[in-house]
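Accompanying notes for the structure given below.
Basis for what follows: all heavy atoms, side chains included, without hydrogens, waters or symmetry-related copies. Note that this is a predicted model, so its numbers are computed, not measured.
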Amino acid sequence: MIIDEIRAELFENQDTKYRDFQSKLIPNVDTDSVIGVRTPILRKMAKKLSKQENIGEFLKAVPHTYFDENQLHAFIVSEIKDFSHCMEETEKFLPYVDNWATCDQMSPKVFKKHKTELSQKIKMWINAKETYTVRFAIGMLMEHFLDEDYDPDYPKLVAAVRSEEYYINMMIAWYFATALAKQYDSILPYIENYCLDTWTHNKTIQKAVESYRITDGQKEYLKSFKVKNKRKNIK
């Protein structure tokens with residue numbers, strides 16, 4: 001079976017030192033499920049496997065046993081060239097994504113050519129119950145809709161998200177920090193008017209101040225909005 005062949009190849013490429021390092025970065029993933037295959041190898045495997053007719057067997061075999069299988073799955077989906085097929089496999093896999101690394105690694109190339117259809121899916125994903133489906137939605141807005149396809153309605157969608165999940169709030173902060181670098185005048189009011197919860201607001205400012213794409217003057221102005229008390233929400 002292709003599933004057994006893939007697992008055997010993953011273990012053939014195991015790097016135990018990398019496994020130990022990687023496990024520390026994904027604390028919510030069981031250490032025993034991490035094989036320790038480096039990303040370039042996984043990408044190379046995905047390109048090869050995506051061309052095999054029976055790869056569907058592996059894609060259907062969810063939930064996977066190993067973290068590295070999830071990573072490989074994300075990379076294979078990202079290689080699918082037909083938009084409808086890619087979107088179908090993306091939506092099948094999203095409920096099984098259980099960590100930030102797999103979520104952030106999945107970036108289908110074909111999405112760049114189908115922004116209108118993608119934006120409609122994002123509006124559904126961002127209201128999902130699953131933590132990493134919401135994170136994925138925000139990540140797709142950050143990746144595809146902060147440049148020529150930017151729409152002021154998109155940051156409104158992100159700002160409306162309220163969650164106790166660290167990995168959602170961190171992505172919101174990352175989105176707004178990146179948006180400040182690319183659409184400063186449009187995004188600044190979200191900081192000036194304290195539209196985010198306190199933790200996310202402060203984290204956004206921190207990440208923006210760390211960015212080389214934001215001017216020193218802008219950084220100083222943003223820092224003036226840092227919230228120093230412990231109120232859970234401002235708005």
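Within the 3.5 Å criterion, the main-chain N or O of Asn99 finds no donor-acceptor partner in the side chain of Thr102. Asp197 contributes a side-chain N or O that, together with a main-chain N or O of Trp199, makes up a donor-acceptor pair within less than 3.5 Å. Between the side chain of Glu89 and the main chain of Val77, no donor-acceptor pair closer than 3.5 Å is present. One N or O on the side chain of Asn28 and one on the backbone of Asp98 form a donor-acceptor pair closer than 3.5 Å. With hydrogens and angles disregarded, a donor-acceptor distance shorter than 3.5 Å links the side chain of Glu69 to the backbone of Tyr66.
Two residues are said to be in side-chain contact when any heavy atoms from C-beta on lie closer than 4.5 Å; Phe67 and Ile26 meet this criterion. No side-chain heavy atom of Asp68 sits less than 4.5 Å from a side-chain heavy atom of Gln14. Using a 4.5 Å cut-off on side-chain heavy atoms (C-beta onward), Arg19 and Gln22 make no contact. For the pair Thr204/Tyr175, no side-chain contact is recorded, criterion being any heavy-atom separation below 4.5 Å from C-beta on.
Checked against side-chain hydrogen bond (donor to acceptor under 3.5 Å, both in side chains), Lys123 has no partners two or more places apart in sequence or in another chain.
Counting non-hydrogen atoms of neighbouring residues, nucleotides and ligands closer than 6.0 angstrom, the CD atom of Glu210 exceeds 12 such neighbours. When the shell of 6.0 Å around CZ of Phe21 is examined, it contains 12 or fewer heavy atoms from other residues, nucleotides or ligands.
A donor-acceptor contact closer than 3.5 angstrom is absent between the side chains of His85 and Glu88. Side-chain contact of Tyr221 with Glu192: a donor-acceptor pair under 3.5 Å is present, judged by distance alone. A donor and an acceptor atom, one from each side chain of Glu91 and Trp125, are located under 3.5 Å apart.
Taking the six-membered ring where the residue is Trp, the centroids of His201 and Tyr194 are separated by under 6.0 Å. Taking the six-membered ring for Trp and the full ring otherwise, Tyr96 and His73 have centroids separated by 6.0 Å or more.
One finds the CD1 atom of Ile138 at 11.5 Å from the CH2 atom of Trp174 (value rounded to the nearest 0.5 Å). We find the CZ-CD1 distance between Arg38 and Ile41 to be 8.0 Å, quoted to the nearest 0.5 Å.
There is no path of hydrophobic side-chain contacts, each under 4.5 Å, that joins Leu94 to Met124.
Figure legend: cation-pi geometry between Lys182 and Tyr150 absent, as NZ or CZ is not positioned both under 6.0 Å from the six-membered ring centre and within 45° of its axis.
Between Phe111 and Phe136, the ring planes are perpendicular. Angles over 60° get that label, and only those under 30° would be called parallel.
The minimum heavy-atom distance between Ser163 and Asn169, with the atom names listed, is O-ND2, 2.9 Å. Closest non-hydrogen pair, Val97 versus Cys103, comes out as CG1-N, 3.7 Å.
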